[in-house]
Undergrad: 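Take a look at the following structure, please.
Residue numbers begin at 1 in each chain, while the letters A, B, ... track the order of the sequences.
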Amino acid sequence: MKVYLTELFRNTSEKLEYLKGMTPILNVPNNPEHGDFSTNLAMLLTKQLKRNPREIAKEIIEALDVDPNVISKVEIAGPGFINFYFNPVFVTGIVNDIIKEKSNYGRSEKYKGKKAIVEFVSANPTGPLTVGHGRNAVFGDTVANMLEWIGYSVDREYYFNNAGRQMRVLGNSVRLRYMEILGEKIEFPEDHYQGDYIKDIAKKLVDDYGNALIDEPAEGKFKDTAEREIFKDIENTLSRIKINFKNYFNENSLYETGKISELLETFKEKDLSYEKDNATWLKLTELGNEQDKVIVKSTGEPTYRLPDIAYHRTKFERGYDLIVDIFGSDHNATYPDVLAGLKSLGYDVSKIKVLIHQFVTILDKGEVVKMSTRKANFITLDELIDEVGPDVVRYFFNMRSIASHLNFDLELAKTQSDENPVFYLQYAHARISSILKMTKENDLECSTDNLNLLTTLEEQNLLKKLYQFSGEMLYDSENFESHSIASYLEELAALFHRFYTQCRIIGTEKKLAEARIALCIAVQIVIKNGLTVLGLEAPERM
RNA sequence: GCACCCGUAGCUCAACUGGAUAGAGCGUUUGACUACGGAUCAAAAGGUUGAGGGUUCGAAUCCUUCCGGGUGUACCA
């Protein structure tokens, strides 16, 4: 529908000089009395033309070459909106398209041939994933799905650091628990990892090696085993919510392959860095930033900026057209330095999209639960999945805009999991499966020969909603707004349930019944495609 | 102090990116099948969009000043 209108306006711009180069903004009005599509074009032109908007609207409408088989009515409303009403018979045509394309319906090839990388989760292996990581994980994976849906070839990447202080502390935490199990008296420092999973890893080491590791340093077997076990755990958790990474990128490899020293060298050559107080500084003030930042400390150790810049440099070197980073809001101060560094090297940083999501606040009985991996008072993502199931977890994190803080009430999640909107969507899908089974038993087939019989309000509303799917998916994907897909599907499901209570299939005239079956199938396909992008199951029965 | 995000119905959140009467779910109240799945549908109540000022045909949305919450603000990652 929208495509038709855009085309219509383009053709009209020949007649009206002032329409040249204008692409009208076409909206679906909130109020159905305002038509199926609406544009504010005339109002935007008032200033330029210094004329009454309604007068301009009138002139535009007269110039439009409208096909009555497509559009049944065009009118001027309010201060100067132009409203379009589509011909009900034309609207039914969407069912054909959907049934023809099935699981490909709504895809776009706009970005075909382009390569994208989405980096997300990227939690260091110091403990199990928490509910907080869940939002990052689910959102990142959904973004990747959306990009694939509009044509990108997408790599999912997990960046981690298994060196540094955190990991030494982790190794030592395991070592101490190991000694403890062997009967040594130990002091367990407060800043060490308190979680029970540390004890489990220590126990495994006792089982496998007995007391042979007593003289082993914390950073040897202890750290290595902890890292391996924790990663196994993380991968396992992620796969439960259908997340699988193509790459795990180890920060350490940047040192091993010489990327770090290479980068330092480049900064030096290009005169982008300097030495001061024994440290190496990056000249960011020259790029308009507030202050220069240290990239190598006086101790000779790099700060996080250097490997981060080197890492992102590899993304450019690997030839990605779109580079997406999913971070929690605690990173909001760090990435600008990294971008500035890359920009100074001449990379096109507009290819990088940094998506910052706000934190998840966990509420238990109305109280905010402060979580920390070290203190082990967190709720793991695994526990949450156990409690409510993978689909509810995925849906919950996709329901909200990432810009807003998310309150997660544990009690509510547990007790009301049956009321979660995800079931509403899945129920619509399952219900259609059931209807199709039942109609088959009544010797009714799907037929698209008489779609023009679909004229009731409920049918027309449903059809128009189906028309919006492709555009919705493209827009949401380009703008990384997975929550809008969720809203769209909820609205579609609601329109379907309404249709279903008003319009019977079995017992009505055969031609109409078979057209309605076609409509049901179309709705089912669209729901399934939407659920698939969100990473959810589309069940045949519940 | 400074930077970024947020403040919308009792609660959790939307709002087509500046559009027409600000919408959903939960909760509350009231209805609907001898029915293809009641995990459904229909209806009611619920709002000074944190507050003030500005920009314009038009503001929850943009600008500005406050108020409140979150996250940062290192030669930690």
Side-chain angles (χ1 to χ4, degrees), chain A residues 25-31 33-34 38-40 43-44 46-47 52-53 77-81 83 124 161 163-167 251 276-281 290 293-305 307-308 328-334 336 356-359 361 363 366 396 399-409 412 416 418-421 423-424 426-428 430-442 444 468 471-472 475-476 479 481 483-484 486-488 490-491 493-494 496-502 504-508 513 516-517 520 541-542:
Chain A
I25 299 163
L26 293 160
N27 283 324
V28 178
N30 290 324
N31 188 337
E33 284 172 26
H34 295 140
S38 170
T39 181
N40 58 357
M43 276 130 80
L44 295 177
T46 44
K47 227 175 209 165
N52 182 321
F81 291 101
N83 296 337
N124 288 338
N161 174 11
R165 210 188 71 88
Q166 276 180 47
M167 293 302 287
E251 178 181 325
K276 192 182 98 185
D277 303 336
N278 252 338
T280 309
W281 296 69
E290 269 182 31
K293 293 287 173 72
V294 171
I295 49 175
V296 181
K297 296 185 247 177
S298 54
T299 57
E301 269 184 292
T303 64
Y304 70 90
R305 292 180 192 96
D308 273 10
S329 61
D330 53 341
H331 276 70
N332 73 39
T334 66
I356 302 279
H357 63 85
Q358 298 302 309
F359 279 141
T361 309
L363 298 171
F396 191 88
M399 265 163 66
R400 312 299 185 204
S401 153
I402 56 163
S404 73
H405 299 267
L406 187 51
N407 281 327
F408 199 122
D409 193 315
L412 223 61
Q416 299 192 340
D418 280 359
E419 317 252 358
N420 194 298
F423 293 110
Y424 185 78
Q426 294 180 323
Y427 176 61
R431 200 176 205 186
I432 293 171
S433 290
S434 170
I435 292 166
L436 294 177
K437 207 170 122 199
M438 200 61 99
T439 51
K440 206 163 202 172
E441 286 167 10
N442 283 273
L444 290 167
Q468 291 166 23
E472 179 82 37
Y475 182 89
D476 295 344
N479 292 285
E481 290 184 0
H483 75 282
S484 303
S487 312
Y488 170 85
E490 280 181 42
E491 285 162 21
F496 171 74
H497 286 307
R498 211 164 297 158
F499 152 79
Y500 174 77
T501 47
Q502 292 298 319
R504 298 195 49 79
I505 297 173
I506 293 170
T508 50
R516 282 179 174 167
I517 292 172
C520 286
R541 82 173 82 89
M542 298 178 70

Undergrad: Quick one: A/His331 NE2 to B/rC76 P, roughly how many Å, whole number?
TA: 16 Å
Undergrad: Base, sugar-phosphate, or nothing: which does A/Glu251 touch, judged by heavy atoms less than 4.0 Å apart?
TA: sugar-phosphate
Undergrad: Taking the side chain of A/Ala333 as heavy atoms from C-beta outward, which of B/rG19, B/rG72, B/rU71 is closest to it?
TA: B/rG72
Undergrad: Can you name the residues that form a side chain to side chain contact (heavy atoms under 4.5 Å, CB included) with A/Ala428, not counting sequence neighbours?
TA: A/Ala493, A/Phe496, A/His497, A/Ile527
Undergrad: Determine: side-chain N/O of A/Lys297 to OP1/OP2 of B/rA74, distance under 4.0 Å, yes or no.
TA: no
Undergrad: Which residues satisfy the side chain to side chain donor-acceptor pair (under 3.5 Å) test with A/Ser434, sequence neighbours excluded?
TA: none
Undergrad: Among B/rC75, B/rA14, B/rA20, which nucleotide sits nearest the side chain of A/Ser487?
TA: B/rA14
Undergrad: Starting the side chain at C-beta, find the nucleotide from B/rC75, B/rU21, B/rA20 nearest to A/Glu33.
TA: B/rU21
Undergrad: Rounded off to whole Å, could you give me the CG-to-P distance for the A/Asn83 and B/rU21 pair?
TA: 13 Å
Undergrad: If you measure from OG1 on A/Thr439 to CD1 on A/Ile517, what distance do you get to the nearest 0.5 Å?
TA: 4.0 Å
Undergrad: If the condition is side chain to side chain donor-acceptor pair (under 3.5 Å), which residues does A/Asn83 pass it with, not counting sequence neighbours?
TA: A/Ser38
Undergrad: Which residues pass the ring-ring contact (aromatic ring centres under 6.0 Å, His included) test with A/Tyr488, not counting sequence neighbours?
TA: A/Phe469
Undergrad: Using whole Å, report how far CD of A/Glu490 lies from C1' of B/rU12.
TA: 12 Å
Undergrad: Is the shortest side-chain N/O distance from A/Tyr424 to OP1 or OP2 of B/rG37 below 4.0 Å?
TA: no
Undergrad: In chain order, what residues pass the side chain to side chain contact (heavy atoms under 4.5 Å, CB included) check against A/Pro53, with sequence neighbours excluded?
TA: A/Met43, A/Thr46
Undergrad: Protein-nucleotides 45-51 of chain B N/O pairs closer than 3.5 Å?
TA:
none

Undergrad: The side chain of A/Asn27 is closest to which nucleotide in this list: B/rA77, B/rC16, B/rC75?
TA: B/rC16
Undergrad: Select from A/Thr439 and A/Val296 the residue whose nearest nucleotide in RNA chain B is closer to the 5' end of that strand.
TA: A/Thr439
Undergrad: When you look for runs of 3 or more Watson-Crick or G-U pairs in a row, both distances below 3.5 Å, which of them include RNA chain B?
TA: B:1-7 with B:67-73, B:10-13 with B:23-26, B:28-32 with B:40-44, B:50-54 with B:62-66
Undergrad: Measure from the side chain of A/His497, starting at C-beta and using heavy atoms only, and say which of B/rG37, B/rC75, B/rC41 lies closest.
TA: B/rC41
Undergrad: Between atom NE2 in A/His483 and atom C1' in B/rA24, what is the gap in whole Å?
TA: 13 Å
Undergrad: Output all residues satisfying ring-ring contact (aromatic ring centres under 6.0 Å, His included) with A/His331, sequence neighbours left out; order by chain, then residue number.
TA: A/Phe327
Undergrad: Rounded to the nearest Å, what distance is computed from the CG atom of residue A/Asn442 to the P atom of nucleotide B/rG37?
TA: 10 Å
Undergrad: Can you tell me, in whole Å, how much space there is between the C1' of B/rG18 and that of B/rC63?
TA: 13 Å
Undergrad: I want to verify a distance call: between B/rC75, B/rU40, B/rC36, whose nearest atom is closest to the A/Tyr500 side chain?
TA: B/rC36
Undergrad: Between B/rC75 and A/Arg305, is there an OP1 or OP2 to side-chain N/O distance shorter than 4.0 Å?
TA: no
Undergrad: Quick one: side chain to side chain contact (heavy atoms under 4.5 Å, CB included) partners of A/Arg305, sequence neighbours excluded?
TA: A/Lys293, A/Ile295, A/Thr303, A/Asp337
Undergrad: Is A/Arg431 near enough to B/rC36 that one of its side-chain N or O atoms lies under 4.0 angstrom from OP1 or OP2?
TA: no
Undergrad: Between the base of B/rA74 and the side chain of A/Thr303, is there a donor and acceptor pair under 3.5 angstrom?
TA: no
Undergrad: Side chain to side chain contact (heavy atoms under 4.5 Å, CB included) with A/Asn31: which residues, sequence neighbours excluded?
TA: A/Glu33, A/His34
Undergrad: Give A/Asp330 one of three labels, base, sugar-phosphate or nothing, depending on what nucleic acid heavy atoms sit under 4.0 Å from its own.
TA: sugar-phosphate
Undergrad: With sequence neighbours left out, what residues match A/Glu491 under salt bridge (charged side-chain N to carboxylate O under 4.0 Å, His left out)?
TA: A/Lys465
Undergrad: What nucleic acid atoms does A/Ala77 come within less than 4.0 Å of, heavy atoms only: base, sugar-phosphate, or nothing?
TA: base
Undergrad: Which of the following nucleotides, B/rU21, B/rA77, B/rU12, is nearest to the side chain of A/Asn124?
TA: B/rA77
Undergrad: The side chain of A/Tyr427 lies closest to which of these nucleotides: B/rA77, B/rG19, B/rU40?
TA: B/rU40
Undergrad: Between A/Lys276 (NZ) and B/rC75 (C1'), how many Å, whole number?
TA: 11 Å
Undergrad: For nucleotides 1-9 of chain B, just jot down a letter per nucleotide in 5' to 3' order: B, S or -, based on protein non-hydrogen atoms under 4.0 Å.
TA: ---BBS---
Undergrad: What's the closest nucleotide to the A/Asn40 side chain, out of B/rG19, B/rU71, B/rU21?
TA: B/rG19
Undergrad: Does a nitrogen or oxygen in the side chain of A/Asn30 sit under 4.0 Å from OP1 or OP2 of B/rA20?
TA: yes
Undergrad: Please check the phosphate of B/rC41 (OP1 and OP2 only) for any side-chain N or O of A/Thr501 closer than 4.0 Å.
TA: no
